[in-house]
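Everything below concerns the one structure shown next.
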Number of protein chains: 2
Amino acid sequence: MAALYHHPAPEDITLLPLLRAVADPVRLGIICHLHGLKEANCTTLLRGRPKSSMSHHFQVLREAGILHTRVEGVQHRNTLRLDVLEDRFPGLMASILRECPTEFPEKD
Amino acid sequence: MAALYHHPAPEDITLLPLLRAVADPVRLGIICHLHGLKEANCTTLLRGRPKSSMSHHFQVLREAGILHTRVEGVQHRNTLRLDVLEDRFPGLMASILRECPTEFPEKD
DNA sequence: CCTTTTGTTCTATCAACATAGAACAATGAA
DNA sequence: TTCATTGTTCTATGTTGATAGAACAAAAGG
């Protein structure tokens, strides 16, 4: 596994990549789930999807500045960077999280 | 031209299609420009792009519930549905419009 | 009627991206 | 060391969607 992840600095988080990252049903599900759980690893949110797919989505969210990954032993714990995002784009995540479905969908 | 456009009712505007509509550089530019101009027709925002491309983007924005098109003679005037969007997703458009670039980019 | 302007629809093409299997890497435990 | 667990990386595949030309449609004016 990569020893380190790169988390963009707040000033390097830009709107368009952030919107593109959020505008996907699986990633929106991850966001909502993380909002509820506060912290979760990749496997916890698989829901029948392959690990490689989920790993990809976590990467997109990470590079967009939406979540932070902390390595703890063999697990990688992810949290939303809500404080940073609120600072950078006030009200944006709040308006999205307010709409949070319901349930993180199973695959299919 | 189509005699009528279909504008989704506020309760039929959902988050994911809205985010997908906004998460495009050209459409984000249209939104920001409309925010400044209050009203504009398709041709006004061409910026060297073909009409068919812009017409497509206006359609996506319309079907996502983001803008309203009013036919006036041969021109179709577009406005943001800010009141509806604010009602449906409080703070969302505000946080996006706050980031409005700058300038609507020329093609290339 | 003919022409101009505006914008849509049709169609094709191309690129970006989501999906997913397989191999690999890293940690911890037996 | 050996094995299991976790997650990444590589690679291929398939689908979605943006781009754009061409034909079409509707309105207004001559």
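Per chain, numbering begins at 1; letters A, B, ... match sequence-line order.
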Looking at [options], which one has an atom nearest to any side-chain atom of [X]?
X     : options              : result
A:K51 : D:dG21, C:dT6, D:dT8 : D:dT8
A:S55 : C:dG7, D:dT9, C:dG21 : D:dT9
A:P50 : D:dG7, C:dT9, C:dG21 : C:dG21

Notebook entry, point to check: Is B:R88 paired with B:E11 through a side-chain N to carboxylate O contact shorter than 4.0 Å?
Noted result: no
May I have the distance from [X] (atom [atom1]) to [N] (atom [atom2]), rounded to whole angstrom?
X     : N      : atom1 : atom2 : value
B:H76 : D:dA25 : NE2   : P     : 15 Å
A:L19 : D:dG17 : CG    : P     : 17 Å
B:L46 : D:dA20 : CG    : P     : 12 Å
A:H6  : D:dT8  : NE2   : P     : 16 Å
B:L16 : D:dG17 : CG    : P     : 10 Å
A:M54 : C:dC17 : CE    : C1'   : 16 Å
A:N78 : D:dT6  : CG    : C1'   : 12 Å
B:D24 : C:dC17 : CG    : P     : 11 Å

Check: Parallel under 30°, tilted from 30 to 60°, perpendicular over 60°: which one fits the rings of A:H7 and A:H68?
Finding: parallel
Checklist line | Which residue lies more 5' along DNA chain C, comparing A:E72 with A:S52 via nearest heavy atoms | finding: A:S52
Notebook entry, point to check: Between B:E99 and A:T14, does a side chain to side chain contact (heavy atoms under 4.5 Å, CB included) hold up when you go through it step by step?
Noted result: CA-CA 9 Å; B:E99 284 293 307; A:T14 53; over 6 Å; no
N/O (side chain, [X]) to phosphate O (OP1/OP2, [N]) under 4.0 Å:
X     : N      : answer
A:R62 : D:dT8  : yes
B:R49 : D:dA18 : no
B:H57 : D:dT19 : yes
A:S53 : C:dT19 : no
B:N41 : C:dT6  : no
B:Y5  : C:dT8  : yes
A:R77 : D:dT6  : no
A:T43 : D:dG7  : yes
B:R20 : D:dT16 : no
B:H56 : D:dA18 : yes

Check: Do A:R77 side-chain atoms and A:A40 backbone N/O form a donor-acceptor pair below 3.5 Å?
Finding: no
Notebook entry, point to check: Are the aromatic ring centres of B:F58 and B:H76 under 6.0 angstrom apart?
Noted result: no
Item checked: Donor + acceptor pair across side chains of A:H57, A:R27 (<3.5 Å) -> yes
